[in-house]
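Below: one structure, written as structure tokens.
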Amino acid sequence: MAQIQKPLPAITETTKPYWEAARRHELLLLKCVDCGHYRHPLAPGQSFMCPNCTSVKQPQWAKASGRGKIATWTVVHKVFHPAFADEAPYVVAIVQLEEGPRMIANVRGIKPEDIRADMEVEVFFEDLTEEITLPQFRPAGK
Amino acid sequence: MSLKDKYAIMGVGYTPQGKLPDWTVRGLFLEASKNAIEDAGLTAKDIDGILVELCWTDPSTQCWSLQADLGIEHTGLCANYDSMGASGCAKVQLAAMAIDAGLCNAVLCAFVEKSATAPAVPYRASLGAGLAYGFFGAMPGISMAARAHMNKYGTTSRQLGEIAITQRRHACLNPIAQMRTPITIEDHQNSRMIAAPLHLLDCCLVSDGGRALVVTSAERAKSLRHPPVYIMGMGQGHVIIDLPERVDMLDTGAGRSGESAFRMAGITPKDVDVLGLYDATTYNVITQLEELGFCKRGEAGPFVEGGRLTIDGELPTNTSGGMLSEVYLQGWTGLIEVVRQLRGDCGERQVKDAEIALVTNQGGFIGFHSTLILRR
Ligand SMILES: [Zn+2]
């Protein structure tokens, strides 16, 4: 049976470098050239003003360490979309990256009931299609 | 100058509710609107302001089509309004402001939900790459906030269950509620997981139905059909829509929203006789009790224990059964209920001597918020 495709993110002019880097298995952030504040490239408003210092200069792309902590999470049991039928229950977490920004990702490689707040995690990459690779997280040092 | 007590909610309009495969969205808008206008003791000719929330599964009914359907030749205000789940109370606020500004005299606010029998539509507000991670709809987002609250303050699933049980008890006293079988804490704990820590019985219903109301000046309201329900206070609070982008992920905007409303009304939480808290999930009730100042931050878990929120308890909350057990009409479930509580026509579930009510609407991954404080 053909695998049902997950709903993929749209690649836009401003997010293209992020997705290209993900394909190379790198996690990129945006760094303010004036104050060094990091933003996640998929956050709303990322191409405009720096929320920290109001700089409107084009931010730099910067490679993230890939290390972070679990800020909070949910274990999704309900199948909202058929592409997730085999995966449920699965973990969706908000990961607090070392550099400051938070991002949504799945956490794999651990039983959902063993997850704890502030648990240290590290990025890995899941190649979904030719174009889309998702940054994902697993317990650090595993 | 303050708008306190200068404007009033008059007519309230219902439609059938539950599963309504034979009703169109347009028909529900008309039915709710006609009933609200009639309940106010007015005719469509008296209405000169219209505020509509677009139905998210079928946005074909717009402010202008409702004006035409009602045969209203002229209005001084006609607009679609979208603050997501916060729109109901927010529209009442805008209506009062528009009347105060002299644009119009009697504003019809109308709402329709058609999620029980409408075809599924793509989820909105899917920012970033959430869908690819299986982050769908409001429930996973709210459950992450609930988890953060549990981690920080020790709130338990059983405490959330207290809210579900209380509201179901209220629904059993409401002849038009969708869910009228009492539930126990075991039922709650054993109900299937939707997005842990939220069980099925922590989540609101799926419903079809419409509601509407009319806002007029207090002066005008005196000569109408029912005793006026005065608008004492109003407030809104909106935080960044994406949960990960909020500095404080437990901040839903309700604090700011409540502060404005209490300041305008000149009262404190202790003065409130009946509460209508937006209840997309049981957790929404928890965070709002804290943010609005009914208890301290982190203490709503123990606060809801022991029946405090029941109709004969200290702080009767969501007395119709709310969106958890009466009907999912977003903020309108609670809004219309508190108006009727203040009119004193809630029958078996009437809160004795209810004089002041506070009602909230909350939307956009619990980040958009509106509050009304009303009195009889
Ligand atoms: Zn900056």
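Below, read A as the first sequence line, B as the second, and so on, with proteins coming before strands; counting in each chain starts at 1.
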May I ask you to name which of [options] has the most heavy-atom pairs under 4.5 Å with chain B?
options	answer
A:Lys6, A:Met103, A:Gln136, A:Arg102	A:Arg102
A:Ile94, A:Val92, A:Val91, A:Leu8	A:Ile94
A:Ala71, A:Ala93, A:Ala105	A:Ala105
A:Asn106, A:Val76, A:Asp118	A:Asn106

In plain terms, say whether A:Glu98 and A:Arg67 are close enough for a salt bridge, that is, a side-chain N and a carboxylate O under 4.0 Å apart. yes
Which portion of A:Ala83 sits near chain B, non-hydrogen atoms under 4.5 angstrom: neither
With a 4.5 angstrom heavy-atom cut-off, is it the side chain or the backbone of A:Lys78 that approaches chain B, or both, or neither? both
Establish, yes or no, whether a centroid distance under 6.0 Å links the rings of A:Tyr18 and A:His40. yes
Please report the interatomic distance CE(B:Met139) to SG(B:Cys203), rounded to the nearest 0.5 Å. 4.5 Å
Between the side chains of A:His25 and A:Asp127, does any donor sit under 3.5 Å from an acceptor? yes
Quick check on B:Leu198 against chain A: is it the side chain, the backbone, both or neither that has a heavy atom closer than 4.5 Å? neither
Could you work out, with salt bridge (Lys or Arg N to Asp or Glu O under 4.0 Å) as the rule, every residue matching A:Glu126, not counting sequence neighbours? A:Arg108
Any side-chain heavy atom of A:Phe84 within less than 4.5 Å of one from A:Tyr90? yes
